[in-house]
Amino acid sequence: MTRRFVALAALAVVCAGVELVAGRGMSPGVVWGVLNGGGDATARHIFFQLRLPRLLVSLGAGACLAVAGLVLQSALRNPLAGPEVTGVTPGAVLGAVTATALGLAGWDSPLAVVLAACTGGCAGAALLWLLAGRGRGDPAQTAVHGVLVSAVLGGLTAMVLLVEPGELGSVVQWLVGTTEGRVWQHWHLLWPWALLWGAGAWLLAGPLTLLRCGDDIALTAGLSVRPARTLALLCAVALTAGAVAAVGALGFVGLLVPHLAVAVFGADLRVSIPGAALVGAVVVCGADAAAQLSSRLPVPGLDSGRFTLPVGALTACLGAALLLVVVRRTPSRTF
């Protein structure tokens with residue numbers, strides 16, 4: 001298990017190095033010169049004020065979404081209970097967009113965005129909880145209700161656009177998910193939030209393991225099911241809201257990365273929760289590096305200097321393709 005952590009940490013370092021030199025304006029030689037104390041003022045500004053905080057935010061957001069997905073899937077005993085399909089992510093987006101439209105939050109006040117996203121995420125999760133009713137333990141029913149809740153919240157977000165069409169740019173960034181333009185203020189807000197709620201999720205590893213075995217077994221073991229599940233859902237919502245407020249709604253990270261983490265680190269949540277954080281960080285960082293590399297490719301009919309692929313679009317496409325492959329190769333499994 002230690003070797004697996006070391007290998008993933010090494011992969012994270014490689015992805016981080018690629019991301020630092022992937023985008024336009026910075027070559028490996030320039031980056032190396034800046035790290036050695038050289039480089040001109042422009043190169044130092046790009047590296048320290050744009051590239052480095054963007055890298056850290058992508059690592060932190062990936063870790064948050066992966067841990068949130070694993071906590072949701074364990075607490076609800078549902079392999080499809082990712083933040084994207086439980087109303088948490090679209091609710092967080094709606095909260096952030098609504099607060100921005102009302103003038104209560106904005107990119108210049110990220111703390112207010114986080115609070116608004118948390119409120120929206122909690123509302124989305126509560127709506128799913130109410131709609132699912134007695135069928136909460138059925139993965140298929142929960143997934144169907146999650147799609148319904150996500151559609152309703154997406155419709156409400158569109159209604160906000162009708163009232164405040166000037167917020168279209170912010171909505172697109174939150175809906176697609178991007179690390180473009182992230183600065184130190186985003187990182188300083190994200191890392192303590194991620195550390196606090198991530199530690200809370202790890203402390204809930206024991207109760208979550210019992211919840212994965214079923215409510216009857218958990219009750220027999222002396223666990224208070226409702227408070228434990230409520231705390232777990234609160235951790236998942238907070239982690240998702242923090243990530244959404246920082247980078248927007250990155251698709252499929254919270255849904256598929258937990259499955260990969262469990263496959264690599266096993267079912268012991270004391271190990272797989274930090275493992276999921278590391279895997280999520282690697283996935284988002286690698287996807288962001290690939291998205292920046294795509295900006296160097298010439299695009300016929302388009303000014304390649306203005307072409308930028310959002311990292312959320314890349315994670316959504318790759319995640320959807322991977323989900324289809326998994327479902328087709330295991331048709332008898334309940335997803």
Side-chain angles (χ1 to χ4, degrees), residues 64-101 113-163 167 170-177 197 211 226 229-245 247-259 312 315-316 319-320 323 327 334-335:
C64 286
L65 289 173
V67 173
L70 182 56
V71 170
L72 281 173
Q73 292 170 9
S74 301
L76 299 177
R77 294 190 297 118
N78 187 339
L80 285 179
E84 303 90 345
V85 293
T86 54
V88 178
T89 294
V93 171
L94 175 60
V97 170
T98 303
T100 303
V113 174
V114 170
L115 294 177
C118 273
T119 303
C122 289
L127 181 58
L128 173 62
W129 192 253
L130 291 175
L131 287 178
R134 295 183 178 180
R136 295 170 187 141
D138 187 343
Q141 288 190 27
T142 304
V144 170
H145 285 100
V147 173
L148 176 62
V149 169
S150 298
V152 170
L153 296 176
L156 292 176
T157 302
M159 291 177 62
V160 174
L161 271 182
L162 295 176
V163 178
E167 299 301 324
S170 299
V171 172
V172 170
Q173 292 191 53
W174 271 309
L175 287 178
V176 177
W197 292 104
L211 290 175
R226 187 178 296 274
R229 181 172 283 121
T230 300
L231 286 175
L233 293 178
L234 179 61
C235 283
V237 170
L239 287 168
T240 302
V244 169
V247 300
L250 296 181
F252 286 92
V253 176
L255 178 61
L256 292 178
V257 169
H259 295 283
T315 59
L323 182 61
V327 172
T334 300
F335 281 93

Do [X] and [Y] come close enough that some side-chain heavy atom pair is under 4.5 Å?
X	Y	result
Leu234	Trp197	yes
Leu211	Arg229	yes
Leu153	Leu156	yes
Leu239	Leu65	no
Thr315	Phe252	no
Pro83	Leu72	yes
Cys235	Leu231	no

Do you know the tightest heavy-atom contact between [X] and [Y]?
X	Y	result
Leu131	His145	O-NE2, 3.4 Å
Val160	Ala101	CG1-CB, 3.8 Å
Ala92	Ala241	CB-CA, 4.4 Å
Cys64	Ala243	CB-CB, 4.0 Å

**Item:** Candidate list Val237, Leu255, Val244, Leu94, test side-chain contact (heavy atoms from CB on, under 4.5 Å), partner Thr89, passing option
**Value:**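 The residue from Val237, Leu255, Val244, Leu94 that satisfies side-chain contact (heavy atoms from CB on, under 4.5 Å) with Thr89 turns out to be Val244.
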| said: Determine whether a donor-acceptor pair (N or O, by modelled atom type, separation under 3.5 Å) exists between the side chain of Gln73 and the backbone of His259. | reply: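 Judged by distance alone, no pair lies under 3.5 Å.
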Of all residues at least two apart in sequence or in a different chain, which pass the side chain to side chain contact (heavy atoms under 4.5 Å, CB included) check with Ala232?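 Counting only residues at least two positions away or on another chain, Ala232 forms a side chain to side chain contact (heavy atoms under 4.5 Å, CB included) with Val71, Ala75, Leu204, Leu208.
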